There are 2 protein chains.
Amino acid sequence: MEYDIIMRLAQYKKVLIKLRSMGFIKVFSDNLSDALGISASLVRKDFAACRLTGKRRGGYQVNELIEKINLLLGVSGEQKVVIVGCGKLGSALLNYRGFENEQIKVVAGFDPNPQRQNKDSGIPVYPPEEMESFIKKHGVKVAVLAVPEDVALTMLEHLQSFGIRGVLNFTPAPMRSSAVCNVENVNLALEVEKLFYLISARKLRKENDPE
Amino acid sequence: MEYDIIMRLAQYKKVLIKLRSMGFIKVFSDNLSDALGISASLVRKDFAACRLTGKRRGGYQVNELIEKINLLLGVSGEQKVVIVGCGKLGSALLNYRGFENEQIKVVAGFDPNPQRQNKDSGIPVYPPEEMESFIKKHGVKVAVLAVPEDVALTMLEHLQSFGIRGVLNFTPAPMRSSAVCNVENVNLALEVEKLFYLISARKLRKENDPE
DNA sequence: TAGATTGTTAATCGATTAACAATC
DNA sequence: TAGATTGTTAATCGATTAACAATC
């Protein structure tokens with residue numbers, strides 16, 4: 001399935017859950033297109049590609065859509081995640097609330113600094129030596145990478161060999177997906193730079209073309 | 001200028017800076033295409049669109065490229081940013097090291113919780129009441145939004161009225177750019193969900209189509 | 001039936017790549 | 001000159017939208 005569809009599926013799901021809580025039983029492609037700011041054609045096309053069917057007059061069943069989207073997104077109960085590198089950013093992610101709604105569960109963190117380790121209260125933080133056994137024992141497939149840039153690449157290789165199949169990379173070093181492991185890069189500095197550019201571009205446009 | 005070009009300009013810049021430190025004086029579109037994993041045509045097209053010119057035989061001047069890209073990206077000295085909402089995530093961003101290299105400077109944080117406020121050491125954190133005067137006084141144009149989801153939208157409106165023109169939104173509520181303000185959404189839960197989907201999709205593909 | 005909405009095909013649009021003439 | 005690389009035009013590709021027949 002195409003890459004962009006996944007993002008939209010997750011967005012559809014969010015809207016659908018909200019609609020369900022409002023008492024909606026069915027939705028039309030038109031409703032969802034409004035909510036996401038895309039065309040109704042695209043909604044129907046996405047659904048067709050995912051074999052989510054509706055009725056020609058009666059739209060789509062909200063409940064059915066939510067269930068099937070969960071299946072498609074691979075959401076089968078809790079989705080376990082570990083945080084690798086528990087500095088400021090890592091430890092913030094350790095307790096990030098936004099994960100809760102989405103059935104994402106942070107099960108452990110790893111950090112070489114003993115002061116950051118903590119096996120008892122809350123989400124445990126272990127030394128890196130325990131990473132391999134923990135990941136294998138709990139069958140963790142997804143890791144958030146928040147280590148210093150210089151160790152990012154070697155850490156990625158370790159994680160892959162431990163069985164990790166998806167990595168959310170917060171280090172400034174962009175990394176590519178391999179044959180066995182998907183990598184998503186979140187480059188905060190790049191995003192901020194983009195904002196500054198967009199602002200100056202907008203200013204220039206205004207000055208040159210003040211229609 | 002097109003949206004995607006900006007991202008690539010920032011990436012070109014990073015590679016170019018590394019090349020310069022290695023002693024490179026000139027680069028060819030072929031070099032940069034390898035580094036970014038795109039075609040050489042696209043590199044040349046990007047440069048042409050940004051009026052970055054080279055010589056037909058001698059490639060592009062590294063120094064000249066870096067300088068001109070900085071101009072294009074609106075990088076004129078320090079780029080000031082404020083953090084709105086200094087919970088776990090916000091305070092991590094307050095001291096995020098990845099910003100330093102890119103001339104991004106976090107000048108202040110804002111939070112209603114007095115325990116998080118701190119006007120003396122390090123980067124100051126002020127109560128929200130001081131936000132307007134601070135932003136106007138220092139001419140801050142970009143804000144990082146890390147407040148709870150339910151106040152995100154009203155906060156965005158406030159920020160716009162204070163003069164903020166770019167927002168990096170870490171709340172789970174996706175928000176759209178307005179006529180005066182660019183919004184970049186960073187939805188961590190969505191990114192993690194995507195990874196889980198990619199993994200299960202990959203597994204399915206392997207099972208069904210084991211060539 | 002008449003009306004409305006899906007499912008699908010054709011058209012459009014934008015981004016990327018290929019190709020090549022211009023030229024250093 | 002011969003060779004190499006840019007700048008640019010044409011071709012391709014994929015994603016999105018428009019349009020409409022099928023049908024509930």
Side-chain angles (χ1 to χ4, degrees), chain A residues 1-12 15-16 19 24-66 68-69 72 174 176-177 190 194 197-198 201 205, chain B residues 1-12 15-16 19 24-66 68-69 72 174 176-177 190 194 197-198 201 205:
Chain A
M1 193 178 309
E2 284 75 26
Y3 198 79
D4 316 73
I5 297 188
I6 301 161
M7 290 296 281
R8 286 198 298 270
L9 281 181
Q11 291 177 274
Y12 293 138
V15 174
L16 288 165
L19 291 175
F24 276 52
I25 303 298
K26 58 184 184 309
V27 270
F28 305 122
S29 53
D30 241 23
N31 302 140
L32 291 168
S33 83
D34 283 347
L36 267 74
I38 57 178
S39 74
S41 306
L42 186 53
V43 176
R44 295 197 295 275
K45 199 145 211 194
D46 283 347
F47 285 1
C50 299
R51 295 186 202 157
L52 304 169
T53 53
K55 280 180 187 148
R56 298 243 173 198
R57 179 77 188 276
Y60 302 85
Q61 295 295 309
V62 174
N63 257 319
E64 197 185 318
L65 280 181
I66 293 173
K68 288 191 177 172
I69 288 176
L72 284 164
R176 298 181 198 170
S177 296
L190 210 57
K194 210 202 294 187
Y197 171 76
L198 288 170
R205 206 173 308 142
Chain B
M1 193 179 311
E2 285 75 26
Y3 198 79
D4 316 73
I5 297 188
I6 302 160
M7 290 295 282
R8 286 199 297 272
L9 280 181
Q11 291 178 275
Y12 293 139
V15 174
L16 288 165
L19 291 176
F24 277 52
I25 303 299
K26 58 185 182 310
V27 271
F28 305 122
S29 53
D30 241 22
N31 301 140
L32 291 168
S33 83
D34 284 346
L36 269 74
I38 56 178
S39 73
S41 305
L42 186 53
V43 175
R44 294 198 296 274
K45 199 142 209 194
D46 283 348
F47 286 1
C50 299
R51 296 189 200 156
L52 304 169
T53 53
K55 280 179 189 150
R56 297 247 172 192
R57 180 78 187 277
Y60 302 86
Q61 295 295 308
V62 174
N63 256 319
E64 196 185 318
L65 280 181
I66 293 173
K68 288 191 176 169
I69 289 176
L72 283 164
R176 298 181 199 169
S177 296
L190 210 57
K194 210 201 293 185
Y197 171 76
L198 288 170
R205 207 173 307 141

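Just so we're on the same page: letters track the sequence lines, and every chain starts at 1. Side chains included, hydrogens not; waters and symmetry mates left out as well; all remaining heavy atoms used. Treat the numbers as computed from the prediction; the structure is a model and nothing was measured.
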Side-chain N or O of A:Y60 closer than 4.0 Å to phosphate OP1/OP2 of C:dG7: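 Affirmative; the distance criterion is met.
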Closest-nucleotide 5' rank along DNA chain D - winner of A:S39 and B:F47: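 Nearest nucleotide further toward 5': that of B:F47.
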5′-ward residue of the pair B:D46/B:R56 relative to DNA chain C: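 With B:D46 and B:R56 compared, the 5'-side residue is B:D46.
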Whichever of A:T53 and A:R57 has its nearest DNA chain C nucleotide further upstream toward 5':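 This one resolves to A:R57.
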Full working for side chain to side chain contact (heavy atoms under 4.5 Å, CB included) between A:Y12 and A:L36: CA-CA 8 Å; A:Y12 293 138; A:L36 267 74; 3.6 Å; yes
Just the rounded figure in Å: distance from [atom2] of [N] to [atom1] of [X].
{"X": "B:D4", "N": "C:dT16", "atom1": "CG", "atom2": "P", "answer": "5 Å"}
{"X": "A:K55", "N": "D:dA22", "atom1": "NZ", "atom2": "C1'", "answer": "17 Å"}
{"X": "B:L32", "N": "D:dG7", "atom1": "CG", "atom2": "P", "answer": "13 Å"}
{"X": "A:R51", "N": "C:dT6", "atom1": "CZ", "atom2": "C1'", "answer": "18 Å"}

Any strand: nucleotide that pairs with D:dG14 via Watson-Crick or wobble, under 3.5 Å: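 The answer is C:dC13, by the H-bond criterion.
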G-U wobble or Watson-Crick pairing nucleotide for C:dA21 (cut-off 3.5 Å, both distances):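 Its partner is D:dT6.
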In terms of side-chain heavy atoms of [X], which of [options] is nearest?
{"X": "B:S41", "options": "C:dT8, C:dA18, D:dT9", "answer": "C:dA18"}
{"X": "A:K45", "options": "C:dT16, C:dT9, C:dT6", "answer": "C:dT9"}
{"X": "A:R8", "options": "D:dT16, C:dG7, D:dG7", "answer": "D:dT16"}
{"X": "A:L42", "options": "D:dC20, D:dT6, D:dT16", "answer": "D:dT16"}
{"X": "A:R44", "options": "D:dA15, D:dT17, C:dT8", "answer": "C:dT8"}

Aromatic contact, A:Y60 with A:F47 (centres under 6.0 Å):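 Ring-ring flag for A:Y60/A:F47: true, centres closer than 6.0 Å.
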Verdict with supporting geometry, B:Q61 and B:V27, side chain to side chain contact (heavy atoms under 4.5 Å, CB included): CA-CA 7 Å; B:Q61 295 295 308; B:V27 271; over 6 Å; no
Main-chain N/O of A:F28 paired to A:N31 side chain as donor or acceptor, under 3.5 Å: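 Such a contact is found between A:N31 side chain and A:F28 backbone.
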